[in-house]
Amino acid sequence: MAITLLSGCNFHNGRNQAAHGPHEFPYVTPPAMVSSREEAVEYTVPRFWNRYIDSAFIWEGQFKDDSTVVGGVKREEMDKAVKDYVWLLWGTSQDAARSSLQNLMASLEAASESAGRDRIYSFLTSALENMLYDPNSDFRNEEMFIPVAESILRCRADSSNRHRYRFYMENCLKNRVGQKAADFSYTDSRGGIHTLYGTPGEYTLLLFSNPGCPSCRETVSRLHSSEAISGLIGEGRLTLLSIYIDEDIGNWLDMLSEWPEEWETGYNHDLTIRDELVYDVRAIPSLYLLDRDKNIIFKDISTTMLLLMLQTKPL
């Protein structure tokens, strides 16, 4: 998909190291016939963890008393490897990302059945959860997190956290990418009542935001200054719909000047979005990109990733 998505990744083999020192993360090296970055992503994603998994449970025994090492690799290198992997997942297809994560979880589950190997499983599932599900992560992606949560529920969810991960899964399965977004009604600043499904345009960018919220102001500024988004709105192809989901309507009316005039703004008058969790708005602001039929293209995507996706693969 995107050339820029590979800029943070190093396609190289780790150097052989002395047995007494931590090993380098064994990155994948695409073969010489792989000429494009898109092909490199397709080659690397399903193989990214293979060499590490094959070696980690041997290396782990060498450093079993060193908490700064995971599977024979320094934690800071593992943090970078997870970030590189997630970058690659964003650059491939949804099916390829899901398949890679499912295979990774299956490999970890099988290998971690042996005593003393839980640290590798725990590190990777925790790191992926922080990257893919934390509402403050720029790389959050609930669709990618589903295989991780499913694995945790199968293997690691005890009575103290099973309810939490079931709740995560329940919310991840709402308004999934590729499915129709849940409809709702809203009232605009003139008192007119509308529905999401009545929103015109080839695309709808749905923004859940609060007046006066510093993060919302930053998001509004970045979206408003985006040439891609402004161009789509100007062409009539995109409607940007900003929705307030709380009950302080007076404050919302007072702060309407914060939103650009060319955007559609409103509030969810029956509070169903918030109270009935029609949408799982885990943090404000939250962005959804929908197509003409209100199928979800991106769910709760960060502003950073949305603008990057529009830059690398224009609508």
*Using atom types as modelled and distance alone, determine if a side-chain donor or acceptor of Ser100 lies under 3.5 Å from a backbone N or O of Ala96.*
no
inquiry  = Could you check whether any side-chain N or O of Arg51 sits under 3.5 Å from a backbone N or O of Tyr27, counting only pairs where one atom can act as donor and the other as acceptor?
reply    = yes
Discussion item. Can you confirm whether the side chains of Ser93 and Asp95 place a donor and an acceptor under 3.5 Å from each other?
Written reply: no
Could Arg274 and Phe208 be counted as a cation-pi pair, given that NZ or CZ must be under 6.0 Å from the ring centre and within 45° of the axis? no
Checking Trp259, Trp252, Tyr244 against Tyr267 for ring-ring contact (aromatic ring centres under 6.0 Å, His included), the one that qualifies is Trp252
* Under 3.5 Å, is there a donor-acceptor pair between the Arg75 and Ser67 side chains? -> no
Between Asn268 (side chain only) and Ser185 (backbone N and O only), is there a donor and an acceptor less than 3.5 Å apart? yes
Decide yes or no for Leu128 and Val86: does some side-chain heavy atom of the first lie under 4.5 Å from some side-chain heavy atom of the second?
-> yes
Quick note, salt bridge (charged side-chain N to carboxylate O under 4.0 Å, His left out) partners involving residues 171-185, not counting sequence neighbours, are Glu143-Arg176
Asp84 and Lys80: CA distance, side-chain angles, deciding distance, salt bridge (charged side-chain N to carboxylate O under 4.0 Å, His left out) verdict:
CA-CA 6 Å; Asp84 288 345; Lys80 181 180 183 302; 2.8 Å; yes
(Q) For a side-chain contact (heavy atoms from CB on, under 4.5 Å) check, start with the C-alpha distance between Lys83 and Phe139, then their side-chain angles and the critical distance, and finish with the verdict. (A) CA-CA 9 Å; Lys83 184 174 181 179; Phe139 311 102; 3.9 Å; yes
Surrounding CD of Glu261 (heavy atoms of other residues, nucleotides or ligands, distance under 6.0 Å), is the total greater than 12?
no
By ring pair (Phe, Tyr, Trp, His ring centres under 6.0 Å), Phe184 pairs with (sequence neighbours left out) Tyr279
Original post:
Counting N and O atoms only, with roles assigned by atom type, does the side chain of Lys299 sit under 3.5 Å from a partner on the main chain of Cys172, one being a donor and the other an acceptor?
Top reply: yes
Check: Asp248 side chain, Asn251 main-chain N or O, donor-acceptor pair, under 3.5 Å:
yes
| task | If the plane angle is over 60° it's perpendicular, under 30° parallel, otherwise tilted; pick one for Tyr133 and Phe145. | result | parallel
